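Here's the structure we're looking at; comments come further down.
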Amino acid sequence: ESDATLAAVRDRLSVIGIVVTLLAAVLGWFAAVRLARPLGRLSDAARRVAATGELDADLDTAARGEVGEVAGSFSTMLEALRRSRQQQQQLIVDAGHEIKTPLTTLRANADLLASGKLSPEHQQRALARISSEVDELTSLTAELLELAAETPVDEPVSSFDVVEAAEIAAARAAERFDRPVTVAGPRYRIRGHPSAFDRAVTNLLVNAHKFSPPESPIEVVVSDVARVAGGFDTTRGSIVVSDRGSGISDDDRDRIFQRFFRSPDARTLPGSGLGLAIVAATAAAHGGKPFVAPNDDGASVGFTFSF
């Protein structure tokens with residue numbers, strides 16, 4: 001009787017063990033399939049992006065756990081790539097539009113010179129126009145190359161005195177433009193890209209000279225705090241260049257740092273419309289942003305930077 005009872009228990013446990021094993025295998029297979037499905041879609045999306053170059057992959061970023069984190073990171077990367085591609089395409093379109101005008105002028109003047117029908121006076125005028133347009137193209141090309149890099153990756157980060165950097169740029173501008181340029185502010189050092197910083201300050205000075213009356217002063221003010229809404233940000237510094245020109249209209253305040261933007265007053269003046277865009281890129285590379293400060297006597301343009 002005991003042997004019969006143990007045999008019955010053994011048979012039942014065997015059946016239960018087989019059923020539980022099969023059930024566990026089925027549940028494990030479903031769990032593995034469910035876990036691998038997002039990874040499979042992620043893998044398919046990566047292969048599709050690599051094969052077609054299309055960056056609009058549909059990813060399930062709502063998945064839980066590590067798979068969801070990987071999908072979210074991949075989606076963020078694709079969004080950054082889409083934004084970068086759009087910026088590159090817009091830069092190419094804008095650059096092509098800006099290059100058309102000087103090229104058209106160069107061709108027209110070259111054809112006039114080749115015709116042999118111009119008087120010596122008009123020949124000199126055409127040559128001067130060609131030289132001016134070549135200088136414009138040279139400046140545009142240099143600024144495009146600098147702006148396309150977005151950040152001065154080739155220049156090592158080093159420590160430099162902000163006021164000293166501003167004074168060097170101001171002295172160069174004063175000699176070049178033959179007008180007084182003053183620099184004021186406390187001396188302190190930051191870590192950044194000195195050459196890029198110098199180019200940004202120089203662009204601000206060139207912009208101030210362009211829109212200022214002759215021989216009027218240009219003021220450069222360096223601060224070790226950045227003014228924000230309701231107070232000051234002590235983790236950022238700022239540099240502001242002020243002139244005595246006609247000022248900046250309210251409609252242009254939010255657009256002057258865009259690539260190739262030129263206000264109606266500036267379209268007859270030399271320039272590519274990239275100077276302030278380079279200032280914005282330099283500010284971003286130093287953890288800051290450009291801004292237009294209130295100024296009743298002219299314009300005050302500058303940028304902040306992080307310590």
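Since the model is a prediction, treat every value here as computed from it, not as a measurement.
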Could you tell me the separation between the CG atom of D233 and the OG atom of S306, rounded to the nearest 0.5 Å? 8.0 Å
So, taking the atom named CG in N109 and the one named CZ in R125, what distance separates them when rounded to the nearest 0.5 Å? 11.0 Å
Can you tell me if D11 has over 12 outside heavy atoms packed within less than 6.0 Å of its CG? yes
Quick one, L113 and I130 - any side-chain contact, counting heavy atoms below 4.5 Å? yes
Donor-acceptor pairs under 3.5 Å, side chain of residues 14-33 to any protein atom, not counting sequence neighbours: which ones?
{"from": "S14", "atom 1": "OG", "to": "R10", "atom 2": "O", "distance (Å)": "2.8"}
{"from": "T21", "atom 1": "OG1", "to": "G17", "atom 2": "O", "distance (Å)": "2.7"}

What about F303 and F197, are their ring centers closer than 6.0 Å? yes
Which one of V183, V222, V201 satisfies the side-chain contact (heavy atoms from CB on, under 4.5 Å) criterion with V162? V222
I want to check something: taking the side chain as every heavy atom from C-beta on, are V221 and I239 in contact at a cut-off of under 4.5 Å? no
Would the distance check show the side chain of R236 and the main-chain N or O of G287 forming a donor-acceptor pair, the cut-off being under 3.5 Å? yes
According to salt bridge (charged side-chain N to carboxylate O under 4.0 Å, His left out), does anything in residues 180-189 pair up with another residue at least two apart or in another chain? List the pairs. D161-R187, E167-R187
Is the side chain of D243 donor-acceptor paired with the backbone N or O of I218 at a distance under 3.5 Å, no angle test? no
Under 3.5 Å side-chain donor-acceptor pair for T282 and R199: no
How long is the straight-line distance from OG1 of T76 back to CG of L81, given to the nearest 0.5 Å? 11.0 Å
Taking Y188 for its side chain and G237 for its backbone only, find out whether a donor-acceptor pair lies under 3.5 Å. no
Taking atom CZ of R244 as the centre, does the number of heavy atoms from other residues, nucleotides or ligands within less than 6.0 Å exceed 12? yes
Kindly assign one of parallel, tilted or perpendicular to the pair F177 and H209, based on the angle between their ring planes and the thresholds 30° and 60°. parallel
Looking at P194, is its backbone amide N or carbonyl O close enough to the side chain of D198 to form a donor-acceptor pair, meaning the two atoms are under 3.5 Å apart? no
Find the distance between CD (E215) and CG (D178) and round it off to the nearest 0.5 Å. 7.0 Å
Quick one, N203 and L276 - any side-chain contact, counting heavy atoms below 4.5 Å? no
Would R176 and V206 satisfy side-chain contact (heavy atoms from CB on, under 4.5 Å), going step by step from the backbone distance to the final call? CA-CA 10 Å; R176 177 182 176 186; V206 170; 4.1 Å; yes
Residues that F291 engages under ring pair (Phe, Tyr, Trp, His ring centres under 6.0 Å), provided they are two or more places apart: none
If two hydrophobic side chains count as joined below 4.5 Å and joins carry through other members, does F160 share a cluster with V279? yes
Closest heavy-atom contact between S115 and L112? OG-O, 2.5 Å
Does a side chain donor of either R172 or T202 reach within less than 3.5 Å of an acceptor in the other side chain? yes
Applying a strict under-4.5 Å side-chain criterion to I, L, V, M, F, W and Y, I'd like to know whether L106 and L118 cluster together. yes
If we only count heavy atoms from C-beta on, is the P217 to R179 side-chain gap below 4.5 Å? no
Minimum-distance pair of heavy atoms, taken over all atoms of S242 and N295: CB-ND2, 3.9 Å
If we check side-chain contact (heavy atoms from CB on, under 4.5 Å) with V220, which of these qualifies: L205, L204, T182? L205
Closest non-hydrogen atoms of P186 and V163, given as atom of the first, atom of the second and distance, are O-CG2, 3.2 Å
Can you confirm whether V301 sits close enough to V241 that some side-chain heavy atom of one is under 4.5 Å from a side-chain heavy atom of the other? no
Please name the pair of heavy atoms, one in S216 and one in P213, separated by the smallest distance, quoted to 0.1 Å. OG-O, 2.7 Å
